[in-house]
Structures are given as C-alpha cells and as structure tokens.
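Heavy-atom basis, side chains included; hydrogens, waters and symmetry copies ignored. In listed order, ligands and their atoms are each counted from 1. For clarity, every value in this text was computed on a predicted model and none was experimentally measured.
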Amino acid sequence: MWPSNPPCYKDKVGKYAEATHVLHKQLIEAISESLGLEKNYLQEQTEEGSQVMAVNCYPACPEPEITLGMPPHSDFGSLTILLQSSQGLQIMDSNKNWISVPYIEGALIVQLGDQVEVMSNGIYKSVIHRVTVNKDYKRLSFASLHSLPLHKRISPAPELVGNNAPAYGEFSFNDFLDYISSNDCVQQRFIDTLKKSNS
Ligand SMILES: O=C(O)CCC(=O)C(=O)O
Ligand SMILES: [Fe+2]
C-alpha cells in the first residue's frame with residue numbers, strides 16, 4: 001500500500017525498503033552466527049515475515065522538558081533499521097540512564113527487538129528507547145520495522161537453552177497484538193510477561 005503523493009514516494013521509499021530488507025537479512029545472519037547458531041537459523045524464522053515502514057514526524061514543541069515524542073518502549077519485531085533527521089532518540093543503558101543517540105548524517109541505527117531477545121534466550125536484550133522533542137524544529141524518523149509472520153510461534157533457540165528451562169515462554173505476533181489492545185504497555189512491556197522467574 002503506497003500513498004499517491006508525493007509521486008516519487010513509491011519509487012524512492014520502495015528502493016529504500018528493498019535495501020533495508022537485504023540489510024536486515026545480512027544482520028540477522030551475523031547475529032545468528034554470533035550466537036553460535038547456523039547462519040540461516042534466525043533468517044529461516046523471519047523469512048515470511050513482515051516489513052513496515054513507519055514515518056514519524058515530531059513537530060517543534062514549546063515545552064520539550066515536559067513532553068516526549070514517543071514514550072519508553074522496545075520494538076516488538078526482530079530488528080528495526082532507523083534513519084533520523086536530527087538528534088532525539090534516547091536509549092536506556094544497563095543502569096537505567098537515558099543516553100542520546102548522536103545524529104550522524106546518513107547513518108542508520110539498528111535496534112534489536114523483542115523477538116531476537118526471546119530467540120536468543122536473553123543473550124541479547126531488546127533496547128528500551130524513547131524520543132525527545134525540541135523547541136526549534138520538527139524532527140523526522142524513518143523506521144523500517146521487521147517482524148516474524150503473524151501466526152508463527154516464537155521461542156528460544158533449543159541450542160541456546162540446553163538442558164535448562166527456557167528463559168521465555170513461547171508467543172506469536174497475534175499474542176502481542178492482543179496484549180497491546182488490552183494493556184497499558186508503558187507500565188509493563190509484553191516481553192516482561194514472557195520472562196520465566198528463573199531468568
Ligand atoms: O523516532 C525515532 O527515533 C524512533 C521511533 C521509534 O521508536 C519507533 O518507530 O518505534
Ligand atoms: Fe521504537
């Protein structure tokens with residue numbers, strides 16, 4: 001589904017989407033290998049998945065101290081590939097401090113999502129992030145959100161679980177959609193509901 005205006009949108013964003021699709025595949029293969037899994041392991045899980053291009057616009061805000069462009073969350077999918085027009089994205093470090101991601105012209109930011117956290121059995125953690133706003137100018141960001149197919153059951157890779165109990169329960173994208181339609185996701189992230197007490 002493409003907007004008809006501006007007329008060049010479909011061509012330009014279509015090419016960008018194809019390029020980020022390829023990049024996602026390369027990154028997910030590298031992540032599989034870094035976990036000691038078969039190169040194709042995560043790719044096979046995500047193959048028939050979805051890719052959504054989200055274009056976010058944050059207008060200039062007269063009171064940036066008391067406003068957020070987007071509240072704290074982690075992305076639900078496998079990876080998010082993000083392009084920002086100026087600084088504004090912040091990520092939470094392991095001490096729960098907010099760190100601003102510097103703006104580097106043309107640089108892509110890759111954020112690990114909940115699906116890879118679960119499939120890696122928690123070896124990798126999805127990144128909690130939020131968006132600040134500023135007084136002087138509007139900010140745009142372009143997020144290519146990659147995700148597993150809607151009905152696919154997702155669980156920790158058996159090789160990473162070994163003889164222990166998995167650190168997360170099994171779930172699907174549909175379970176996530178049910179959760180966000182009936183819960184306050186700022187209070188508790190969906191992924192936290194999957195964590196087993198032994199993890
Ligand atoms: O605008 C940004 O930098 C981040 C957007 C975001 O977190 C999202 O679309 O999930
Ligand atoms: Fe996000």
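For the residue pair T80 / Q111, no side-chain donor-acceptor distance below 3.5 Å is found, with atom types taken as modelled. Checked by atom type, the side-chain pair Q115/S147 shows a donor-acceptor distance below 3.5 Å. A donor-acceptor contact closer than 3.5 angstrom is absent between the side chains of Y137 and S85. A donor and an acceptor atom, one from each side chain of H24 and S144, are nowhere located under 3.5 Å apart.
Side-chain contact check for V101 versus Q84: some heavy-atom pair is nearer than 4.5 Å. At a threshold of 4.5 Å between non-hydrogen side-chain atoms, the residues Y179 and F171 do not count as touching. Inter-residue side-chain proximity for R139 and V133 is flagged as unmet; no heavy-atom pair is nearer than 4.5 Å.
Residue H129 places at least one N or O, backbone or side chain, under 3.5 Å from an N or O of ligand 1. In terms of N/O distances under 3.5 Å, ligand 1 is not approached by Q111.
Only the side chain of D75 comes within 4.0 Å of ligand 1, judged by heavy-atom distances. By the criterion of a heavy-atom distance under 4.0 Å, the side chain of S141, and not its backbone, is placed next to ligand 1.
Looking only at heavy atoms of the protein, atom 3 (O) of ligand 1 is closest to R139 NH2, 2.8 Å. When only non-hydrogen protein atoms are considered, atom 4 (C) of ligand 1 lies nearest to V131 CG2, 3.6 Å. Taking atom 9 (O) of ligand 1 as the reference point, the nearest protein heavy-atom neighbour is N56 ND2, 3.3 Å.
The atom of D75 nearest to the Fe ion (ligand 2) is OD1, with the search restricted to N, O or S atoms. Nearest to the Fe ion (ligand 2), among the N, O or S atoms that H73 has, is NE2.
Ligand 1 lies within reach of M70, whose nearest heavy atom is under 4.0 Å from it. Heavy-atom separations between H73 and ligand 1 include at least one value shorter than 4.0 Å.
One N or O on the side chain of H73 and one on the backbone of P71 form a donor-acceptor pair closer than 3.5 Å.
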